[in-house]
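Position 1 is the first residue of the sequence; numbering continues from there. Since the structure is predicted, the reported quantities are computational estimates derived from the model, not experimental observations.
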Amino acid sequence: MEKKNEFLIPVSGLALGSHAYHFEINDDFFDGMDYSEIRQGKVTVGLDVDRQETMLAMHFDVKGTVRVACDRCADEFDQPIESQQDFFIKLGTENAEESDDVAVVDADLNAYDVSSLVYEYIILAIPMHRVHPEGQCNPEVMALLSKEDETEAEESTPDIDPRWAALKDIDLNDK
């Protein structure tokens, strides 16, 4: 993935206080990501950076839609997404990752690339169960699936051995 200047947030030269950034994510962004499961989408990302003496506190606000395959019928549809995430950059003497939402970078670093964070937060905003809204799945696929369900139900009804069939008529409460 190549670094794009729009995703580089200044670190060493950034004045103390709050700074706002805005990113418009489209198909080109997803094409630039290696091994991306998403190829199409329109997402807006608002980024508020609070520059403090020893760290940068980042708040990401992600909203938009991405094209995903439906888990039920396999047709693609636009999945709405919305998410808010926080990330912290501590200024230290060497680069390290303390946790999923905290990174330590050299205090003399010119800029920090947030494109991978933007991508990660978009992916995390996609629901685990991806299905069309009710009634919008491909009708041909749904018809095939209901036929399979009927066939399975018929096959799962076992034939009762006639030698044992008489036992089902016995009333156990009779004494």
Side-chain angles (χ1 to χ4, degrees), residues 1-9 20-49 58-88 97-103 112-174:
M1 174 184 78
E2 68 179 61
K3 291 186 179 183
K4 295 183 180 179
N5 289 338
E6 68 183 299
F7 294 104
L8 295 177
I9 305 300
Y21 298 88
H22 183 79
F23 307 108
E24 292 292 329
I25 308 301
N26 57 29
D27 302 348
D28 293 335
F29 176 81
F30 297 111
D31 287 340
M33 291 292 169
D34 295 335
Y35 311 110
S36 175
E37 68 176 282
I38 305 297
R39 290 286 172 222
Q40 294 178 316
K42 291 185 188 229
V43 181
T44 59
V45 177
L47 170 59
D48 292 320
V49 178
M58 299 181 172
H59 178 76
F60 292 84
D61 188 16
V62 178
K63 292 180 185 171
T65 60
V66 291
R67 185 156 288 272
V68 296
C70 177
D71 290 341
R72 192 178 298 140
C73 71
D75 280 358
E76 289 189 340
F77 72 103
D78 290 331
Q79 172 71 55
I81 60 169
E82 188 170 340
S83 170
Q84 293 184 351
Q85 302 286 334
D86 292 316
F87 189 79
F88 303 93
E97 189 171 316
E98 284 191 356
S99 68
D100 289 341
D101 59 353
V102 178
Y112 188 84
D113 183 12
V114 295
S115 61
S116 60
L117 289 173
V118 168
Y119 177 74
E120 179 179 329
Y121 295 150
I122 289 171
I123 294 298
L124 289 173
I126 300 171
M128 295 273 295
H129 190 60
R130 306 166 187 179
V131 294
H132 281 100
E134 192 64 38
Q136 293 184 11
C137 278
N138 183 327
E140 293 173 11
V141 173
M142 296 310 294
L144 287 172
L145 289 175
S146 73
K147 281 183 186 177
E148 284 181 17
D149 288 344
E150 290 172 12
T151 304
E152 286 178 13
E154 289 172 7
E155 291 174 357
S156 67
T157 306
D159 292 331
I160 298 177
D161 186 332
R163 295 174 291 177
W164 298 101
L167 293 177
K168 72 176 181 177
D169 296 330
I170 296 175
D171 185 5
L172 297 175
N173 293 327
D174 260 350

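- Nearest heavy atoms, H22 versus T44: CE1-CB, 4.0 Å.
- Atom OH of Y119 sits about 10.0 Å away from atom CG of L124, to the nearest 0.5 Å.
- The structure places OG of S115 at 9.0 Å from CD of E6, a figure rounded to the nearest 0.5 Å.
- Of all heavy-atom pairs spanning V49 and L47, the tightest one is CG2-CG, 3.8 Å.
- Judged purely by atom type and a 3.5 angstrom limit, D61 has no side-chain atom pairing as donor or acceptor with the backbone of Q84.
- Closest of all the heavy-atom pairs between F87 and V102 is CE1-N, 4.0 Å.
- When side chains are defined from C-beta on, D48 does not count as touching M58, because their heavy atoms never get closer than 4.5 Å.
- D101 and D86 make their closest contact through CB-O, 3.6 Å (heavy atoms, listed as atom of the first residue, atom of the second, distance).
- Note that the CD atom of E120 and the OG atom of S83 stand 10.0 Å from one another [nearest 0.5 Å].
- The closest side-chain heavy-atom distance from V114 to V45 is not below 4.5 Å.
- Put simply, NZ on K42 and CD1 on I25 are 12.5 Å apart, with the number rounded to the nearest 0.5 Å.
- The CZ atom of F29 lies 11.5 Å from the CD1 atom of I38; values are rounded to the nearest 0.5 Å.
- In this structure the side chain of F77 reaches within 4.5 angstrom of the side chain of V68, judged on heavy atoms.
- Separating the CD atom in Q40 from the CG atom in D78 is a distance of 8.0 Å, to the nearest 0.5 Å.
- With a 4.5 Å cut-off on side-chain heavy atoms, E37 and I123 count as touching.
- Judged by distance alone, with hydrogens and angles left aside, the side-chain atoms of D27 form a donor-acceptor pair with the main-chain N or O of G41 at under 3.5 Å.
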Worksheet entry | Check against side-chain contact (heavy atoms from CB on, under 4.5 Å), Y112 and L117 | CA-CA 11 Å; Y112 188 84; L117 289 173; 4.1 Å; yes

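- In this structure, D31 and R39 have side chains that are in contact, with non-hydrogen atoms separated by less than 4.5 Å.
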Worksheet item: Given T65 and Q79, is the side-chain contact (heavy atoms from CB on, under 4.5 Å) satisfied, shown in steps?
Response: CA-CA 5 Å; T65 60; Q79 172 71 55; over 6 Å; no

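- The heavy-atom pair separating A69 from A74 by the smallest distance is CB-O, 4.1 Å.
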Item to complete: I would like to know whether F7 and F23 meet ring pair (Phe, Tyr, Trp, His ring centres under 6.0 Å); could you show each step before the answer?
Response: CA-CA 8 Å; F7 294 104; F23 307 108; 4.9 Å; yes

